[in-house]
Amino acid sequence: MTAMEVTTITVERVIASDANTIFLIDCLGDGDKQSARIRQEGICDTLMALSAQDIVHDISRVYHERCRHRDDWAAAMNKIRDACKKGLCPLVFIDGHGDIAKGLAMPSGGFIGWEEYGRDLRAITYAARGQLTVVAAFCHSFVFVEKVTKVDEKLPFAFYYGYEDMVLTSVVEAETQRIYESLLNDGGKSLSVNSLQISSYDEFDHAIRLVAPIVMMQLAPKTLAAKLPQFSKAQLRAKVEKNLAQKGTPLGQMRRPMKEVMNNIPRLATKLIETTMHDTDRRRRFIKHILSEIRKARISS
């Protein structure tokens with residue numbers, strides 16, 4: 001687990017969702033270095049080495065799906081989604097070539113656009129009950145996060161790793177090896193993502209974008225108002241009232257419940273986390289931790 005600062009709150013967090021099956025989605029052409037096949041061999045070797053230590057690891061749950069055409073991609077996505085409906089939790093590696101505007105390239109021609117890419121991952125995530133980690137091992141794969149995710153909605157994944165720019169094949173192979181070895185050997189505890197070229201975004205990042213200012217209302221309202229005046233209680237109340245007026249909602253009917261919400265920071269923080277994170281034990285632990293930190297701040301203030 002790694003520690004992350006949320007203003008004055010330290011939150012313990014994991015770097016991947018629960019997984020019991022690995023899918024290697026291979027969108028590389030015949031002339032490319034076969035990174036997905038090399039990774040499959042490495043993962044199986046690691047699993048067999050662990051099994052030799054009396055730890056049960058099933059290499060039959062490592063799938064290599066070759067995608068040459070759009071139909072192959074659709075079939076692979078459906079296979080993962082259907083497997084998740086039966087209880088599997090996936091760790092997905094995607095190899096190929098990416099374009100900032102067009103998405104993931106298919107060897108036969110054409111692209112899986114970012115919107116389609118996002119819809120497919122979202123379908124898997126919901127089938128997997130919020131458990132999906134994606135390692136997008138291709139150039140420009142991280143642009144997907146900026147193009148598709150919305151701040152007030154759940155993500156189409158739980159954890160996502162990708163590259164913002166062009167990247168060398170050797171770097172991709174070395175970094176993805178470090179990722180899967182760490183996840184398999186110690187659940188990711190030994191992995192320092194900050195030391196890698198690959199970028200990451202996950203449910204914790206997503207939820208904290210909304211919840212941090214709300215929590216600061218409780219922990220340090222004067223500091224928040226000074227640094228981010230748009231998040232002060234007065235400013236937020238004014239924005240809500242303006243939106244209600246535009247919708248024709250009588251303000252008199254809403255002022256009391258709105259006041260109750262603004263004065264109940266733990267309830268508001270919980271609601272925001274529930275809005276942005278999938279319903280998992282991970283979310284419940286996160287909510288519990290945030291509420292615990294708020295209670296500590298109240299006691300010490």
Side-chain angles (χ1 to χ4, degrees), residues 1-4 13-53 55 57 59 61-67 76 80 89-100 103-107 112 117 121 132-146 157-202 204-205:
M1 301 179 77
T2 58
M4 178 194 58
R13 57 187 282 180
V14 295
I15 67 166
S17 56
D18 295 342
N20 53 26
T21 308
I22 299 174
F23 292 91
L24 304 166
I25 307 303
D26 186 351
C27 303
L28 294 167
D30 293 335
D32 294 318
K33 188 173 182 180
Q34 299 306 302
S35 301
R37 177 63 68 186
I38 294 171
R39 188 180 303 111
Q40 181 188 28
E41 294 171 354
I43 289 172
C44 289
D45 287 346
T46 302
L47 289 173
M48 287 189 290
L50 290 171
S51 294
Q53 302 171 18
I55 301 174
H57 291 85
I59 63 173
R61 286 195 173 184
V62 181
Y63 297 92
H64 179 200
E65 304 293 330
R66 300 192 70 185
C67 299
I80 300 174
C89 297
L91 168 61
V92 177
F93 290 85
I94 304 174
D95 286 275
H97 300 284
D99 181 271
I100 293 177
L104 174 62
M106 290 289 101
I112 303 299
Y117 182 88
L121 295 185
L132 173 63
T133 296
V134 177
V135 182
F138 58 93
C139 298
H140 306 300
S141 54
F142 199 72
V143 72
F144 160 69
V145 172
E146 301 172 1
F157 51 81
F159 296 79
Y160 187 89
Y161 294 83
Y163 290 95
E164 297 183 11
D165 302 304
M166 298 285 290
V167 61
L168 295 174
T169 300
S170 59
V171 172
V172 172
E173 290 185 346
E175 292 193 345
T176 55
Q177 180 177 349
R178 288 176 63 182
I179 290 171
Y180 75 68
E181 286 182 345
S182 178
L183 290 175
L184 294 177
N185 286 319
D186 57 29
K189 293 179 182 179
S190 61
L191 183 67
S192 174
V193 178
N194 293 334
S195 67
L196 306 179
Q197 286 189 35
I198 201 167
S199 299
S200 65
Y201 190 75
D202 57 47
F204 295 106
D205 298 318

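Numbers here are sequence positions counted from 1.
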Has [X] got a side-chain atom pairing as donor or acceptor with [Y]'s backbone, closer than 3.5 angstrom?
| X | Y | result |
| --- | --- | --- |
| Asp186 | Gly188 | yes |
| Asp95 | Asp26 | no |
| Thr133 | Ser17 | yes |
| Ser141 | Ala137 | no |
| Thr176 | Glu173 | yes |
| Glu175 | Ile198 | yes |

Nearest 0.5 angstrom please: [X] [atom1] to [Y] [atom2], how far?
| X | Y | atom1 | atom2 | answer |
| --- | --- | --- | --- | --- |
| Phe157 | Asp202 | CZ | CG | 8.0 Å |
| Phe204 | Phe159 | CZ | CZ | 5.0 Å |
| Tyr160 | Ser199 | OH | OG | 10.5 Å |
| Phe93 | His64 | CZ | NE2 | 12.5 Å |
| Ile179 | Leu184 | CD1 | CG | 11.5 Å |
| Ile43 | Leu91 | CD1 | CG | 7.0 Å |

Specify the closest pair of heavy atoms between [X] and [Y], including all atoms of both residues, with the distance to one decimal.
| X | Y | value |
| --- | --- | --- |
| Val171 | Tyr163 | O-OH, 4.1 Å |
| Cys139 | Val167 | SG-N, 3.3 Å |
| Gly98 | His140 | O-CD2, 3.5 Å |
| Ile15 | Tyr161 | O-OH, 2.5 Å |
| Gln40 | Leu24 | CB-CD1, 3.2 Å |
| Cys27 | Met106 | SG-CE, 3.5 Å |

Exercise for the section: Test side chain to side chain contact (heavy atoms under 4.5 Å, CB included) on Leu183 and Leu191 and set out the steps. Expected result: CA-CA 8 Å; Leu183 290 175; Leu191 183 67; 5.7 Å; no
Practice task
Could you please spell out the steps behind the side chain to side chain contact (heavy atoms under 4.5 Å, CB included) verdict for Lys33 and Ile38?
Solution key: CA-CA 9 Å; Lys33 188 173 182 180; Ile38 294 171; 3.8 Å; yes
Exercise for the section: List the steps and the verdict of side chain to side chain contact (heavy atoms under 4.5 Å, CB included) for Ile25 and Ile80. Expected result: CA-CA 10 Å; Ile25 307 303; Ile80 300 174; 3.9 Å; yes
Practice task
Check the angle between the aromatic planes of Tyr117 and Phe144 and answer parallel, tilted or perpendicular using the 30° and 60° thresholds.
Solution key: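 Ring orientation, 0 to 90° scale: perpendicular.
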Exercise for the section: Compare all side-chain heavy atoms of Thr21 with those of Pro90 and state whether any distance is below 4.5 angstrom. Expected result: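 Thr21 vs Pro90: side chains apart.
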Practice task
May I ask you to test the Asp30-Pro107 pair for a side-chain heavy-atom distance under 4.5 Å?
Solution key: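 Heavy-atom side-chain distance check fails, nothing below 4.5 Å.
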Exercise for the section: Indicate whether the side chain of Thr46 and that of Glu181 have a donor and an acceptor atom separated by less than 3.5 Å. Expected result: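 No - no donor-acceptor pair under 3.5 Å links their side chains.
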